[in-house]
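The residues of the chain are indexed from 1 along the displayed sequence.
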Amino acid sequence: MNHTPKVLRDAADLINRQGLHSGDQFVGPDGELDLTAAIFKAVALILPGSFRTNADTAIAHIKDSPGAMAAIRAVYDTLEAAYPEVHDEDDVIDTVSYWATEGNFGPDQQPPSTSEVIGRLLRVADALEKQDTTLAA
């Protein structure tokens with residue numbers, strides 16, 4: 001069973017309740033979450049303190065979580081914009097985080113609203129569930 005749709009829905013709920021963080025580190029001063037931190041928390045249920053203080057350690061935690069990486073990759077795969085070439089998991093994490101806080105690359109760059117980020121997560125979850133249902137049939 002693919003758990004990614006549930007992870008994405010839980011991450012959307014976390015962002016709805018805690019807010020979307022767009023500053024330094026992965027957690028804002030009032031508990032707002034970066035998109036990739038919300039996805040990680042949806043899998044792990046807690047965030048280590050490093051998500052507030054050390055981006056490199058936080059990224060290592062995310063990369064060590066297959067469930068978080070599958071959900072982040074699912075979001076990445078739906079981004080329409082032309083992003084720089086992706087070489088590894090760090091690039092996928094960075095790109096998804098960048099999209100949620102800064103928007104598409106290029107001259108028309110504009111960050112998505114929190115509602116747009118939540119909507120994307122829910123649409124990806126729905127699409128994955130439809131795909132799973134089709135494959136099961």
- Message: What verdict does the side chain to side chain contact (heavy atoms under 4.5 Å, CB included) test give for F26 and I59, after you've listed the backbone C-alpha separation in whole Å, the side-chain angles of each residue and the deciding distance to 0.1 Å?
- Response: CA-CA 9 Å; F26 286 88; I59 290 170; 3.7 Å; yes

- Task: May I ask you to check whether F40 and F51 place their ring centers less than 6.0 Å from one another?
- Result: yes

- Task: Carefully, step by step, assess H3 and V43 under the rule side chain to side chain contact (heavy atoms under 4.5 Å, CB included).
- Result: CA-CA 9 Å; H3 298 284; V43 172; over 6 Å; no

- Rounding to 0.5 Å, atoms CG (L121) and CG (L14) come to a distance of 10.0 Å

- Straight-line distance of S115 OG to N16 CG, nearest 0.5 Å: 8.0 Å

- Item | Salt-bridge criterion met for E129 and R9 (N-O under 4.0 Å) | yes

- Message: Please report the interatomic distance OG1(T78) to CZ(R120), rounded to the nearest 0.5 Å.
- Response: 4.0 Å

- Note on the structure: d(L20 CG, I15 CD1) to nearest 0.5 Å is 5.5 Å

- Message: Looking at every heavy atom in both V96 and I72, which two are closest together, and how far apart are they?
- Response: CG2-O, 3.6 Å

- For the residue pair S97 and T36, what are the closest heavy atoms and their distance? N-CG2, 4.1 Å

- Task: Could you note down all residue pairs passing salt bridge (Lys or Arg N to Asp or Glu O under 4.0 Å) where residues 62-76 supplies at least one of them, sequence neighbours left out?
- Result: K63-D90, R73-D77

- Shortest non-hydrogen contact from L47 to A37? CD2-O, 3.7 Å

- Distance col, row H61:NE2 vs N54:CG, nearest 0.5 angstrom, shows 8.5 Å

- Query: Which heavy-atom pair separates A12 from L122 by the least distance, and what is that distance?
  - Reply: CB-CD2, 3.9 Å

- Shortest non-hydrogen contact from V7 to A71? CG1-CB, 3.7 Å

- Quick one: side-chain hydrogen bond (donor to acceptor under 3.5 Å, both in side chains) partners of D13, sequence neighbours excluded? R17

- Task: Any chance you could lay out the salt bridge (charged side-chain N to carboxylate O under 4.0 Å, His left out) test for K130 and D126, step after step, and finish with the verdict?
- Result: CA-CA 6 Å; K130 281 183 183 177; D126 288 346; over 6 Å; no

- For E116 and R123, run salt bridge (charged side-chain N to carboxylate O under 4.0 Å, His left out): C-alpha distance rounded to whole Å, both residues' side-chain angles, the deciding distance at 0.1 Å, then the answer. CA-CA 10 Å; E116 289 170 323; R123 285 189 303 278; over 6 Å; no

- Determine whether I93 and Y76 make a side-chain contact, defined as any pair of heavy atoms from C-beta on separated by less than 4.5 Å. no

- Test log, rule side chain to side chain contact (heavy atoms under 4.5 Å, CB included), inputs V27 and H21: CA-CA 6 Å; V27 180; H21 179 59; 5.7 Å; no

- Task: Could you grab the distance from atom OG1 of T53 to atom CD of Q25, nearest 0.5 Å is fine?
- Result: 6.5 Å

- Item | T95 side-chain N/O to D91 backbone N/O, donor-acceptor pair under 3.5 Å | yes

- Kindly say whether E32 contributes a backbone atom to a donor-acceptor pair with the side chain of Q18 at under 3.5 angstrom? no

